[in-house]
There are 4 protein chains.
Amino acid sequence: MVRDKDRTRARLFEVATELLGEQGFGSTTVDEIAVRAGVAKGTVYYHFGSKAELVTALIAEGLEPLAERMRAAVDGSSTAREALEALTYAELAFIQEHCAFTKLVVTELWREDRAWRDALELVRERIVTIIRQQLERGVEGGELRPDIDPQFAARALFVLTATAALDWLAFEPGRPINEVVGQIRRLTAMAVVQTV
Amino acid sequence: MVRDKDRTRARLFEVATELLGEQGFGSTTVDEIAVRAGVAKGTVYYHFGSKAELVTALIAEGLEPLAERMRAAVDGSSTAREALEALTYAELAFIQEHCAFTKLVVTELWREDRAWRDALELVRERIVTIIRQQLERGVEGGELRPDIDPQFAARALFVLTATAALDWLAFEPGRPINEVVGQIRRLTAMAVVQTV
Amino acid sequence: MVRDKDRTRARLFEVATELLGEQGFGSTTVDEIAVRAGVAKGTVYYHFGSKAELVTALIAEGLEPLAERMRAAVDGSSTAREALEALTYAELAFIQEHCAFTKLVVTELWREDRAWRDALELVRERIVTIIRQQLERGVEGGELRPDIDPQFAARALFVLTATAALDWLAFEPGRPINEVVGQIRRLTAMAVVQTV
Amino acid sequence: MVRDKDRTRARLFEVATELLGEQGFGSTTVDEIAVRAGVAKGTVYYHFGSKAELVTALIAEGLEPLAERMRAAVDGSSTAREALEALTYAELAFIQEHCAFTKLVVTELWREDRAWRDALELVRERIVTIIRQQLERGVEGGELRPDIDPQFAARALFVLTATAALDWLAFEPGRPINEVVGQIRRLTAMAVVQTV
DNA sequence: AATGAATGAGAATTCATTCAT
DNA sequence: CATGAATGAATTCTCATTCAT
């Protein structure tokens, strides 16, 4: 039945995300994925064609939920600054829940030869656009200084948050998420004091 | 001659950095490194013992120059904010010159299962400390707001700059370095306008 | 309906002949056959039981029409030499229409380790017998020199014609069939000139 | 040492020819080849890169000795007809000694998609040229009838002899080679009687 | 009568590493 | 110092076949 097929695929996704996130692409074998998913090795190939395609699908589909959360975060905010803080929160929360997956993504983000480079770039741009729109809104509304480059800043904020989140989870996993959000807010407004 | 040995070693370093940065650890073969360096495969083993040791040495020795430059940047600055800007500049300049190497480092930064984990962590902390000291100085001297966490911010600034640099080199390599420094300064002082 | 079943079977035959002829047994997958025939893979097994049985059936049934045409060619001829020429024509015409199938057959003709070995040998002998009978008639009637070995010559003529046909279709497909028949006739009478 | 490498390569060639000839491409594993050659599987890849390349090399280099023998046969003959008979003899003798190899070649001769198709076509044309030149000499010298197409006839003679040889070795291996040469000569002069 | 998801044994291929020279 | 032929364990990938629907 179609439902069975979908379920198997979903299970493989779940398991592959775990393993690839923990160990990276090179150290994870298709065998491991199959065993942990409780299916035969051939089944992985039946569903994804190759290990590389599995990862491509993983990245493309695994990042989509983050994009959705971020869209939702924007919808629930009135000002640009509020939206940006909500975006930071959404990203941090997502990464907290999918830490291993994020490691995988960050690890592959600047790779040049991978087949899944393009898939990643695509979703990434979708997410960066969401951030950029808020930055533009903030600049237009006078909430943010006009001399920032929204595209550059959006990319930087996205990765800043992601990598800060990874450091957070690696070094101080006990720290409450809101404190981290606060730190990032302050970091991006670091010079406030001296401008008063 | 000793010189020959050193030269071979240096050549292997150079080539390995390129390849590992472009393709990652798992996708780069010792064969490739040897071929591109113009030596026999055995020579790689003669010099480094194993692929993992090669990478370990690479990271440890390759990151040290960055630490040195950053120390120099601090020495040449009077205020903390000047020092932080000089540090950003130093990091960007280094990455511009060693783009592939940076990709390798960023890629390995959150991987726990690697032989060179400790070596990487060591140099990283050395560099982060340099940044943190300036942040602390800034806070103490009233140049920076007191509610930032210097350790967290130092780590975040280091990686923010690194990843922003990679995006810069990937998407807008023609952009002058000073503009990028400026963008990062503004990004970390984004809220200035509304505080006036 | 029976008609449906037959039609599916016939379609599988057609498609399998094409693919097996082009790529050989080892390089043709049951998947490919099913896809090109527009049926599910299970259907191939429903109809033929296994890949090997499919090929066995293919060879046995696919070669039978050639045997029939050759019998008909003999029936329409008065002299042995006329019959031999008609046989050549019949074989060439058949191959022209079933080029891929012929490649498959020729390819398997000297392989000993195949499941369909016997089936192939059987039809082959049937065809060779038809040719041999005409050679014997020719020898007995004084039309042909008495020192040829009819069995050897019959086998050789059969394969000679088949392989010449494949070369013809591969290198000079535009050449009219009658010219090829003529060339083969002359080839098997090459010494004529000097005996005059 | 280079000699060692060459020896290993030669041994692999020998063994691969045997196995591929007996079992065909699809049924012969690289493992088998390695085991029978007494080397590790990796060694096969070290020398040939892939199974397909091994076969390509095999065909290209394995057929060369036949070409050489045929050139020698021509050199030792005065008339065209004598040369043609010597060529038949040379081909038969070669095949008798390399029966399995010939099966491999014939089996692959009309395959379309193989990488080694070209390699085979190349050597084949070299051999066919040797035959064609004698046919042309025979036609020009009036030894042979002028209305044969030398290229067509050369190709046909080459394959006729090869396939006749395979039938000979399969069905009547005890028959002396000279008798087979005679049969082929008579087959290609079959019409002699009636022209008298 | 047909389907197609799942299987798993088997093959091809890769590559870090060794070692004799 | 350097080499590069050889290794073989580990991995990816293939595909004929099965079976529940």
Side-chain angles (χ1 to χ4, degrees), chain A residues 1-9 26-34 37-54, chain B residues 1-2 4-9 26-35 38-54, chain C residues 1-2 4-9 26-35 38-54, chain D residues 1-9 26-34 38-52 54:
Chain A
M1 234 200 303
V2 171
R3 284 299 152 84
D4 280 2
K5 189 177 184 183
D6 285 354
R7 204 161 34 215
T8 304
R9 197 187 134 99
S27 311
T28 305
T29 68
V30 175
D31 241 318
E32 269 179 304
I33 296 171
V39 300
K41 197 172 8 175
T43 305
V44 179
Y45 287 90
Y46 179 72
H47 280 276
F48 295 99
S50 78
K51 193 184 170 187
E53 281 171 83
L54 166 60
Chain B
M1 228 203 306
V2 173
D4 279 3
K5 189 175 179 181
D6 284 355
R7 202 159 36 213
T8 302
R9 202 185 130 98
S27 309
T28 304
T29 67
V30 175
D31 239 316
E32 272 178 304
I33 296 172
V35 166
V39 301
K41 193 163 24 167
T43 305
V44 178
Y45 286 86
Y46 177 77
H47 280 278
F48 295 98
S50 79
K51 193 184 172 187
E53 283 170 78
L54 165 60
Chain C
M1 228 203 308
V2 173
D4 279 3
K5 187 173 182 181
D6 285 356
R7 200 155 41 205
T8 302
R9 200 186 132 99
S27 309
T28 304
T29 68
V30 176
D31 241 316
E32 272 178 304
I33 296 172
V35 166
V39 300
K41 193 164 23 166
T43 305
V44 179
Y45 286 86
Y46 178 77
H47 280 279
F48 295 99
S50 79
K51 191 183 173 188
E53 282 171 78
L54 165 60
Chain D
M1 231 197 310
V2 172
R3 282 301 154 83
D4 280 2
K5 189 178 184 181
D6 286 355
R7 201 159 40 211
T8 303
R9 196 186 135 99
S27 311
T28 305
T29 68
V30 175
D31 241 318
E32 270 179 305
I33 296 171
V39 299
K41 198 172 6 173
T43 305
V44 179
Y45 287 89
Y46 180 74
H47 280 276
F48 295 99
S50 77
K51 193 183 170 187
L54 166 60

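Lettering of chains follows the sequences in order, A, B, ..., and the numbering in each one begins at 1.
- In the set F/dA16, F/dG8, E/dA6, F/dA16 carries the atom at the smallest distance from any side-chain atom of C/Tyr45.
- Within the 4.0 Å cut-off from OP1 or OP2 of E/dA1, at least one side-chain nitrogen or oxygen of C/Tyr46 is found.
- Between D/Val39 and A/Asp31, the residue anchored closer to the 5' end of DNA chain F is D/Val39, taking for each the nucleotide with the nearest heavy atom.
- Remark: side-chain polar atoms of C/Lys41 are not paired, donor with acceptor, to backbone N or O of C/Val35 under 3.5 angstrom.
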Problem set entry | Dot-bracket encoding per residue of DNA chain F, Watson-Crick/G-U cut-off under 3.5 Å, | denoting interstrand | .||||||||||||||||||||
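- B/Thr29 comes within 4.0 angstrom of the backbone, heavy atoms only, and of no base.
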For this session: Determine, step by step, whether A/Ile33 and A/Leu54 satisfy the side chain to side chain contact (heavy atoms under 4.5 Å, CB included) criterion, reporting the C-alpha distance in whole Å, the side-chain angles of both residues, the deciding distance to 0.1 Å, and the verdict.
Result: CA-CA 11 Å; A/Ile33 296 171; A/Leu54 166 60; 3.8 Å; yes
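- Between A/Lys5 atom NZ and A/Tyr46 atom OH the span is 4.5 Å, to the nearest 0.5 Å.
- Regarding contacts with the backbone of E/dA2, a side-chain N or O of C/Thr8 is found under 4.0 angstrom from either OP1 or OP2.
- Listed nucleotides E/dA12, F/dT7, E/dA16 differ in distance to B/Lys41; the shortest reach to its side chain belongs to E/dA16.
- Among the heavy atoms of the strands, none lies under 4.0 Å from D/Ser27.
- For A/Lys51, the side-chain atoms get nearest to F/dT12 when compared with the rest of F/dT17, F/dT12, E/dA6.
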